[in-house]
Each structure stands twice: as C-alpha cells, then as structure tokens.
Amino acid sequence: QVQLVESGGGLVQAGGSLRLSCAASGSMLGINDMGWYRQAPGKQRELVATITRGGSTNYAGSVKGRFTISRDNAKNTVYLQMNNLRPEDTGVYYCNAYRSFPEYRYWGQGTQVTVSS
C-alpha cells in the first residue's frame with residue numbers, strides 16, 4: 001500500500017508560479033513511474049507530467065516549457081514546478097504512483113490550483 005499526500009496548491013494570478021509537492025509513504029517496492037494529473041471542472045482527468053525512477057520525463061503538450069517535474073527518490077517525493085501559469089491550468093492536481101506488477105495506480109487526495117486572469 002502506498003499513501004500520497006500533495007501540498008502546495010493555491011490561488012495565483014496569471015503569469016505566476018506555484019510548486020506542488022507529493023510525499024509518498026508505505027511500500028515503494030515496484031513503484032517506478034510517478035506523476036501529476038489534473039482535472040478541471042466538467043472535464044476528464046488528464047496527464048500533466050510523469051517521471052521515472054531514473055529521471056526520464058514526459059509532459060503534456062500544453063505544459064511543455066512551463067512546468068518541470070522532478071523527483072527525490074531518497075525522500076520518496078515528487079515535485080511539479082509550474083511557471084507562467086494560465087487560467088486554463090486551473091483544476092485539482094492529483095499525484096499518482098504506478099506499480100507495474102501487480103498493476104495498480106495509487107492516487108493522492110488532490111490539491112486545488114486556481115489561476116486568475
């Protein structure tokens with residue numbers, strides 16, 4: 001079992017920055033990919049960025065060049081640095097940890113990010 005706790009959300013003006021953190025606890029055996037997803041009101045949850053244990057990253061096209069995902073394996077923590085935020089970045093941001101075998105996805109409770117225009 002893995003527990004994920006996000007922090008760092010809030011209200012920011014367009015063009016501003018926020019840094020999200022996700023602390024993982026429990027058995028991290030078999031957890032390789034970790035990442036961030038977001039869900040805007042009335043929309044489906046979508047991938048924002050992922051990072052492997054080795055540091056390989058993947059970003060949604062809409063955040064490339066503005067967001068940076070990083071990971072501290074020693075602390076079991078993943079971060080999302082969000083710069084030049086836009087109103088369309090508003091939503092609940094969820095941390096995710098993926099175990100490949102047996103296949104399972106763990107989710108945090110989510111943290112609200114609101115970007116005002």
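- Linking Ile, Leu, Val, Met, Phe, Trp and Tyr residues whenever their side-chain heavy atoms come within less than 4.5 Å places Tyr59 and Tyr93 in a single cluster.
- Looking at Leu80, Asn32, Ile69 one by one, the single match for side-chain contact (heavy atoms from CB on, under 4.5 Å) with Ile51 turns out to be Ile69.
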Exercise. Does the pair Leu11 and Gln112 meet the rule for a side-chain contact (heavy atoms from CB on, under 4.5 Å), with working shown?
Worked result: CA-CA 8 Å; Leu11 173 64; Gln112 177 71 44; over 6 Å; no
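- Salt-bridge check for Arg53 with Asp33: failed, with every basic side-chain N at 4.0 Å or more from each acidic carboxylate O.
- The CZ atom of Arg19 sits 10.5 Å away from the OG1 atom of Thr68 when rounded to the nearest 0.5 Å.
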Exercise. Are Asn83 and Ser17 close enough, and set up right, to give a side-chain hydrogen bond (donor to acceptor under 3.5 Å, both in side chains), and what steps lead you there?
Worked result: CA-CA 4 Å; Asn83 298 328; Ser17 298; 3.0 Å; yes
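- Between the side chain of Ser100 and the backbone N or O of Glu103, no donor-acceptor pair lies under 3.5 Å.
- Here the side chains of Tyr94 and Arg45 are in contact, with some heavy-atom distance below 4.5 Å.
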For this session: Give the intermediate values and the outcome of side-chain contact (heavy atoms from CB on, under 4.5 Å) for residues Leu85 and Leu18.
Result: CA-CA 8 Å; Leu85 282 159; Leu18 284 174; 4.1 Å; yes
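- Taking the side chain as every heavy atom from C-beta outward, Arg105 and Arg99 never approach each other to under 4.5 Å.
- Transitive grouping of hydrophobic side chains (ILVMFWY, heavy atoms separated by less than 4.5 Å) brings Leu4 and Tyr104 into a common cluster.
- How far OG of Ser117 is from CD of Gln13: 9.5 Å, rounded to the nearest 0.5 Å.
- Contact check for Met28 versus Met34: side-chain heavy atoms found under the 4.5 Å cut-off.
- The closest donor-acceptor contact from the side chain of Thr90 to the backbone of Glu88 lies at 3.5 Å or more, if one exists at all.
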Problem set entry | Derivation of the side-chain contact (heavy atoms from CB on, under 4.5 Å) call for Tyr98 and Asn96 | CA-CA 7 Å; Tyr98 174 71; Asn96 172 264; 4.3 Å; yes
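- Side-chain atoms of Trp36 and Glu6, non-hydrogen and from C-beta on, do get closer than 4.5 Å to each other.
- Residues Asn58 and Leu47 are in side-chain contact: their nearest non-hydrogen atoms beyond the backbone lie under 4.5 Å apart.
- Residues Val2 and Trp107 do not share a hydrophobic cluster, clusters being chains of Ile/Leu/Val/Met/Phe/Trp/Tyr side chains in contact below 4.5 Å.
- Side-chain contact between Val48 and Asp89 is absent, with no heavy atoms from C-beta onward closer than 4.5 Å.
- Side-chain contact between Thr114 and Val12 is absent, with no heavy-atom pair separated by less than 4.5 Å.
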Problem set entry | Working for side-chain contact (heavy atoms from CB on, under 4.5 Å), residues Val63 and Arg38 | CA-CA 12 Å; Val63 307; Arg38 67 186 180 190; 3.9 Å; yes
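- The disulfide bond (SG atoms under 2.5 Å apart) analysis of residues 35-64, with sequence neighbours excluded, yields no pairs.
- Closest of all the heavy-atom pairs between Ala97 and Ile31 is CB-CG2, 4.0 Å.
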Problem set entry | Full working for side-chain hydrogen bond (donor to acceptor under 3.5 Å, both in side chains) between Arg71 and Asn73 | CA-CA 6 Å; Arg71 180 171 176 171; Asn73 290 327; 2.8 Å; yes
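- Atom CD in Gln109 sits 9.0 Å away from atom SG in Cys95 (nearest 0.5 Å).
- Annotation: ring-ring contact (aromatic ring centres under 6.0 Å, His included) contacts involving residues 62-87, sequence neighbours excluded, are absent.
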